[in-house]
**Q** 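Below you will find the structure I want to go over with you.
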Amino acid sequence: MFSKMGGNIYKDCILPGLVIVAGIALCRVTSGAILIPMVGVCMMLAFLGKPSWPIGMYIFIAFVGVTSSAILPKESIFYSIGTRGGTFGISLALIIGMNRREGPYKLPLASIVPFIAAAMLSLFNSWAPSVSALKLLQFSTFALGVCMGVRNLQVKPEELYRMRTIIFAFVVVLVIGSALSYPFPTIAFSRNLAWDVAHGMDIEEVAARFVERRDEILTLFSGITNQSQVLAPFLSISFAWIACDMVFVEKRFRLPHLILLAMMPPMLYMTRSRVGLTTLVMAILFLYFYSVRKIVISSRLRRHLSNGMWVMIVLAIIGGVVVEMRSDAISRWGRKTENGGGD
């Protein structure tokens with residue numbers, strides 16, 4: 001349905017991509033102050049029953065939160081207000097906006113009961129009851145807001161398609177941006193060390209830590225995020241989303257999709273995240289052996305998917321054997337004794 005809305009997704013994701021890049025740049029220039037008006041605009045859109053950009057803004061807040069501090073320093077009070085207030089404000093606006101407009105899903109009041117019960121319990125056994133209550137309030141508002149915003153997209157095909165272009169743009173920025181950062185492997189960690197020094201850590205202790213972990217720093221890939229173990233889950237989720245978008249929505253092989261899919265597994269391997277790589281493998285197996293068999297697709301696409309699956313398996317086996325014979329990298333990595341220097 002929504003694959004036809006708006007035409008070519010590659011052209012239609014250019015605007016969201018430019019907004020994401022411009023938003024990050026403006027956050028850096030304004031020390032995060034731009035987040036406040038951005039959140040305000042998205043709250044207005046949510047009140048008007050247009051949830052795609054507000055949900056995209058929620059993703060954007062999480063995205064800038066894990067962006068490397070070399071790209072976006074996050075020490076300003078404006079950044080804290082924009083992120084913490086923005087997540088709550090957008091979620092609340094989604095609840096109100098989606099509950100008073102057309103759509104089959106209204107505010108599920110019964111789902112709030114567990115959060116209220118947990119908040120009441122925290123009043124008796126928490127070391128900071130007010131903090132626990134506020135956390136539960138924010139989480140419950142977020143969960144309800146995003147749930148209602150996303151589910152009511154089903155009755156708004158144009159908003160559903162726009163949400164698709166926004167997510168696609170986030171994946172493109174993450175993957176292409178991380179690929180461009182490959183020649184600069186120490187940026188993320190060096191910024192973390194600078195932050196440690198600025199916040200009172202002894203400079204000699206920081207220097208000793210850098211020397212001790214130098215090989216790991218140079219080989220654990222973090223892309224445009226602030227840590228390799230942050231990049232890994234983002235890549236796993238992005239791979240699954242792009243694969244599903246190509247198979248279930250486009251229902252044909254598209255070269256830009258395939259390029260993105262081919263770029264992500266090597267990056268994921270360079271993060272040395274065993275959980276991330278396992279998640280990726282499970283996503284591929286589930287997609288091929290379960291999901292694909294539940295939908296109606298052409299026999300040509302099904303045949304190509306089968307051939308592609310076998311090619312991927314063969315290449316993975318050959319690559320793994322070559323790397324293992326060269327330096328025992330995979331076995332040492334599996335035992336968590338490998339820092340990646342052998343690659």
**Q** Is V173 reachable from Y182 through a run of hydrophobic residues whose side-chain heavy atoms are each under 4.5 Å from the next?
**A** yes
**Q** Which heavy atom of V39 sits nearest a heavy atom of M57, and at what distance?
**A** CG2-CE, 3.8 Å
**Q** So do the side chains of Y79 and S31 get within less than 4.5 Å of each other, counting heavy atoms only?
**A** no
**Q** Any idea which heavy atoms bring L268 and S236 closest together, and the distance?
**A** CD2-OG, 3.8 Å
**Q** Identify whether L26 and L18 are in the same connected component of the hydrophobic contact network (ILVMFWY, side-chain heavy atoms under 4.5 Å).
**A** no
**Q** Measuring only between side-chain heavy atoms, which start at C-beta, is M246 closer than 4.5 Å to L261?
**A** yes
**Q** Is V21 reachable from I14 through a run of I, L, V, M, F, W or Y residues, each pair having side-chain heavy atoms under 4.5 Å apart?
**A** no
**Q** Looking at every heavy atom in both P37 and A33, which two are closest together, and how far apart are they?
**A** CD-O, 3.2 Å
**Q** Is M44 linked to M38 within one hydrophobic cluster, defined over Ile, Leu, Val, Met, Phe, Trp and Tyr using a side-chain heavy-atom separation of less than 4.5 Å?
**A** no
**Q** Can you name the residues that form a salt bridge (charged side-chain N to carboxylate O under 4.0 Å, His left out) with R254, not counting sequence neighbours?
**A** E250
**Q** With a 4.5 Å cut-off on side-chain heavy atoms, are V275 and T279 touching?
**A** yes
**Q** Nearest heavy-atom pair of Y58 and S91: which atoms, and what distance?
**A** CE1-OG, 3.1 Å
**Q** Measure up the F234 and F63 rings against each other and bin them: parallel (under 30°), tilted (30 to 60°), perpendicular (over 60°).
**A** perpendicular
**Q** Would the distance check show the side chain of T67 and the main-chain N or O of T225 forming a donor-acceptor pair, the cut-off being under 3.5 Å?
**A** no
**Q** Does one hydrophobic cluster hold both M267 and I237, with members joined at side-chain heavy-atom distances below 4.5 Å?
**A** no
**Q** Pair S238, F170 - check side-chain contact (heavy atoms from CB on, under 4.5 Å), show working.
**A** CA-CA 9 Å; S238 298; F170 272 113; over 6 Å; no
**Q** Can you check whether L35 reaches T83 side chain to side chain, under 4.5 Å on heavy atoms?
**A** yes
**Q** Could you walk me through whether L231 and S178 pass the side-chain contact (heavy atoms from CB on, under 4.5 Å) test, one step at a time?
**A** CA-CA 9 Å; L231 178 63; S178 294; 3.9 Å; yes
**Q** What are the two closest heavy atoms between R162 and S52, and how far apart are they?
**A** CD-OG, 3.4 Å
**Q** Could you tell me whether the side chain of L174 reaches within less than 4.5 Å of the side chain of V171, counting heavy atoms only?
**A** no
**Q** For F78, look at atom CZ and say whether over 12 heavy atoms of other residues, nucleotides or ligands are found less than 6.0 Å away.
**A** no
**Q** What distance do I20 atom CD1 and L15 atom CG have between them, rounded to the nearest 0.5 Å?
**A** 10.0 Å
**Q** Atom CG of L235 and atom CG of L277: how far apart are they, to the nearest 0.5 Å?
**A** 11.0 Å
**Q** Does any non-hydrogen side-chain atom of M163 lie less than 4.5 Å from one of W53?
**A** no
**Q** What are the two closest heavy atoms between F168 and C13, and how far apart are they?
**A** CD2-SG, 3.7 Å
**Q** Any chance you could measure I61, atom CD1, to R84, atom CZ, to the nearest 0.5 Å?
**A** 11.5 Å
**Q** Hey, does F239 have a side-chain heavy atom less than 4.5 Å from the side chain of M263?
**A** no
**Q** Heavy atoms, side chains only, cut-off 4.5 Å: are D245 and I9 in contact?
**A** yes
**Q** Say you draw a straight line from CD of Q229 to OG of S222; how long is it, rounded to the nearest 0.5 Å?
**A** 10.5 Å
**Q** Does the plane of the ring in H257 sit parallel, tilted or perpendicular to the ring in Y10? Use 30° and 60° as the thresholds.
**A** perpendicular
**Q** Within this structure, what is the CD1-CD1 distance for the pair I259 and I242, rounded to the nearest 0.5 Å?
**A** 12.0 Å
**Q** With rounding to the nearest 0.5 angstrom, report the NZ to CD1 distance, K50 to I55.
**A** 14.5 Å
